[in-house]
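The structure appears right after this line, and notes come after that.
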Amino acid sequence: MVSATRSGTPPVAVNQEIRFGRSPDGTRIAYAVHGSGPPLVVASCWLSHLQHDWQSPVWRHFLDELGAIATVIRYDERGFGLSDWDVTDFSIEARQTDLETVVEALGLGRFALLGMSGGSAVALAYAVAHPERLTRLILYGTVCGEPVIHEGDALAEEETYRSMIRVGWAKDDPVFRRVFTSRFIPGANEEQMRWFDDLQLMSTSPENAVASRIARQAVDIVADLPRITAPTLILQATGDRSTTFDNAVQVSGLIPGARLVAMDSRNHILLADEPAWATFMDEVRAFLEPDRQRWASDDPPAESLSPRERDVLRLCAEGRTNDEIAAALTLSPRTVERHVSNIYLKLGVTGSAARAAAVARFLRDD
């Protein structure tokens with residue numbers, strides 16, 4: 001598992017532990033945890049790859065800097081990255097259940113939720129359905145939550161995009177993918193553009209890219225947005241051509257008490273060397289500060305653990321190894337490892353002394 005200290009040491013990519021859960025329809029969802037601090041669940045954009053993103057000159061700064069202020073939980077959406085590609089249902093309902101699957105697999109209580117780009121629709125839907133679970137909601141590059149209607153030139157343009165995906169997405173020559181790259185990160189250098197070209201190729205199939213695009217454009221949750229009660233921060237680049245500033249204005253007007261921050265950038269994905277990125281992190285850090293203060297001052301009790309997690313921790317307290325715990329509880333060693341990781345997350349302990357700290361907490365509270 002990728003770890004970081006309370007002082008915010010950047011995570012080490014090669015140590016990342018990737019786990020898998022299954023949505024109710026059987027779709028396998030890949031998710032990962034890194035960093036330290038209060039939990040921040042990220043519903044990311046559709047172009048993601050849990051492992052490849054760590055080598056990315058486009059995404060790496062997001063992972064490092066968010067992980068320095070929070071325990072970051074992220075996942076690859078259905079049909080993308082390390083999650084199952086053999087899927088046909090890209091509806092908002094299915095995507096919301098994927099997020100719910102990750103949250104329940106980790107046994108999270110209350111947490112902050114960051115919805116980025118296409119993932120913002122999932123974050124919005126979750127905030128409507130589960131207001132009691134969120135401490136706060138952050139939206140970046142948000143959709144507006146209503147169906148996209150293509151007419152005239154806009155229809156012809158959209159049909160062209162879909163044709164380019166079908167014809168050019170899987171080709172070795174990135175000329176077709178470069179069209180999308182230039183739209184997402186027009187301010188990128190050639191290295192960053194080449195990496196994003198490659199991300200498209202490895203993140204999903206042409207069929208999934210088209211089907212997902214069509215499903216995203218059909219999302220209709222705008223009428224539910226006034227029901228969101230979580231404190232909400234909306235960040236939007238003024239020159240973004242993928243999700244326009246008008247979207248952010250509309251959403252901020254519908255969510256009670258939402259605050260909108262405009263950032264001077266043309267990029268849909270903010271790059272590490274532009275001033276807008278510093279603005280993004282300053283705003284997110286300040287917005288999460290109440291969560292960080294509670295996390296720093298709270299001492300989560302062992303009572304927050306599930307009965308099975310308490311069984312595992314009780315055997316840890318007896319000095320048993322994971323293999324011995326697995327045999328005693330008739331579990332697989334892998335399942336024990338997952339329970340132990342969840343225990344660390346719930347108790348807010350990290351690093352090489354995490355097991356001893358968790359045991360000490362259990363003995364104190366038992």
Side-chain angles (χ1 to χ4, degrees), residues 38-48 59 61-62 65-66 69-70 72-74 77 92 95-96 99 110-131 133-148 184-185 216-217 219-271 274-292:
L40 174 65
V41 177
V42 180
S44 188
C45 73
W46 51 290
L47 286 174
S48 70
W59 280 122
H61 57 292
F62 279 86
E65 297 198 38
L66 289 175
I69 64 172
V72 179
I73 298 107
R74 60 199 182 96
E77 283 206 334
I92 187 65
R95 294 164 63 208
Q96 181 183 322
L99 172 55
R110 301 186 72 227
F111 57 91
L113 178 60
L114 167 59
M116 301 178 65
S117 185
S120 60
V122 180
L124 289 166
Y126 188 92
V128 170
H130 302 284
R133 302 299 292 272
L134 297 188
T135 59
R136 52 202 64 240
L137 174 66
I138 305 170
L139 302 171
Y140 169 65
T142 186
V143 299
C144 63
E146 63 184 7
V148 179
F184 275 92
I185 44 173
R216 290 166 199 275
Q217 292 171 352
V219 169
D220 186 5
I221 58 172
V222 67
D224 294 327
L225 301 190
R227 295 167 48 198
I228 293 176
T229 58
T232 302
L233 172 66
I234 302 173
L235 301 124
Q236 180 67 41
T238 55
D240 186 348
R241 292 187 298 160
S242 295
T243 56
T244 67
F245 194 77
D246 289 344
N247 285 355
V249 171
Q250 180 177 349
V251 173
S252 64
L254 290 170
I255 299 177
R259 186 166 70 90
L260 172 61
V261 176
M263 297 178 294
D264 184 16
S265 177
R266 296 184 301 141
N267 295 313
H268 184 59
I269 303 172
L270 296 176
L271 302 174
E274 59 179 320
W277 170 246
T279 300
F280 176 94
M281 279 306 306
D282 287 345
E283 292 287 346
V284 170
R285 189 179 296 109
F287 189 62
L288 290 179
E289 186 58 26
D291 287 21
R292 287 173 49 77

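As the structure is a prediction and not an experimental result, all values here were calculated from the model. Only heavy atoms go into these numbers, but all of them, side chains included; no hydrogens, no water, no symmetry mates.
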Inset, instruction - Please confirm whether the backbone N or O of R133 pairs with a side-chain atom of R110, one donor and one acceptor, at under 3.5 Å? - result: no
Inset, instruction - Could you tell me whether a side-chain N or O of T238 sits under 3.5 Å from a main-chain N or O of A262, the two making a donor and an acceptor? - result: no
Inset, instruction - Without swapping roles, check the side chain of R74 against the backbone of S44 for a donor-acceptor pair under 3.5 Å. - result: no
Inset, instruction - Check whether any side-chain heavy atom of V42 lies under 4.5 Å from a side-chain heavy atom of F62, and answer yes or no. - result: no
Inset, instruction - Could you go through the side-chain contact (heavy atoms from CB on, under 4.5 Å) check for V284 and L114 one step at a time? - result: CA-CA 10 Å; V284 170; L114 167 59; 5.9 Å; no
Legend entry - Side-chain heavy atoms of R266 within contact of E274, under 4.5 Å: no
Legend entry - Which atom of L225 lies closest to which atom of P256, heavy atoms considered: O-CD, 4.3 Å
Inset, instruction - Please report the closest heavy-atom contact between S265 and A237, naming both atoms and the distance. - result: O-CB, 3.5 Å
Legend entry - P275 side chain near D264 side chain, heavy-atom distance below 4.5 Å: no
Inset, instruction - Could you tell me the separation between the CG atom of L233 and the CG atom of L137, rounded to the nearest 0.5 Å? - result: 9.0 Å
Inset, instruction - Starting from the C-alpha separation in whole Å, work towards a yes-or-no answer on side-chain contact (heavy atoms from CB on, under 4.5 Å) for V122 and E77. - result: CA-CA 10 Å; V122 180; E77 283 206 334; 3.8 Å; yes
Inset, instruction - Check for a donor-acceptor pair, side chain of S120 on one end and backbone N or O of V143 on the other, with a separation under 3.5 Å. - result: yes
Inset, instruction - Taking the side chain as every heavy atom from C-beta outward, state whether E65 and F280 have any pair of such atoms under 4.5 Å apart. - result: no
Legend entry - Heavy-atom donor-acceptor pair, T244 side chain to R241 backbone, under 3.5 Å: no
Legend entry - Greater than 12 external heavy atoms within 6.0 Å of D282's CG: yes
Inset, instruction - Give a yes or no answer on whether the side chain of Q250 reaches the backbone of G145 with a donor-acceptor pair at less than 3.5 Å. - result: no
Inset, instruction - Measure across S117 and H268 and return the closest heavy-atom pair with its distance rounded to 0.1 Å. - result: OG-NE2, 2.6 Å
Legend entry - From F245 atom CZ to I234 atom CD1, the distance as rounded to the nearest 0.5 Å: 9.5 Å
Inset, instruction - Of all the heavy-atom pairs spanning L270 and Y140, show the shortest one and how long it is. - result: CG-OH, 3.2 Å
Inset, instruction - Find the distance between CZ (R259) and CD1 (I138) and round it off to the nearest 0.5 Å. - result: 10.5 Å
Legend entry - Exercise: identify the closest heavy-atom pair between R136 and P290: NH2-CB, 3.7 Å
Inset, instruction - Looking only at non-hydrogen atoms, find the nearest pair between I92 and A125 and report the distance. - result: CG1-CB, 4.2 Å
Inset, instruction - Check the pair I69 / L288 against side-chain contact (heavy atoms from CB on, under 4.5 Å), numbers first and verdict last. - result: CA-CA 8 Å; I69 64 172; L288 290 179; 4.1 Å; yes
Inset, instruction - Can you label the angle between the Y126 ring and the F111 ring as parallel, tilted or perpendicular, going by 30° and 60°? - result: tilted
Inset, instruction - Could you check L124 against T142 for side-chain contact (heavy atoms from CB on, under 4.5 Å), going step by step and ending with a plain yes or no? - result: CA-CA 9 Å; L124 289 166; T142 186; 4.1 Å; yes
Legend entry - Nearest-0.5 Å distance that lies between atom CG in D240 and atom CD1 in I269: 9.5 Å
Inset, instruction - Could you check if a side-chain atom of V251 sits within less than 4.5 angstrom of a side-chain atom of L139, using non-hydrogen atoms only? - result: yes
Inset, instruction - Could you grab the distance from atom CZ of R292 to atom CG of L40, nearest 0.5 Å is fine? - result: 11.0 Å
Inset, instruction - With the side chain counted from C-beta on, respond yes when S48 and W59 share a heavy-atom pair under 4.5 Å apart, and no when they do not. - result: no
Inset, instruction - Output the distance between atom CZ (R216) and atom SG (C45), rounded to the nearest 0.5 Å. - result: 8.5 Å
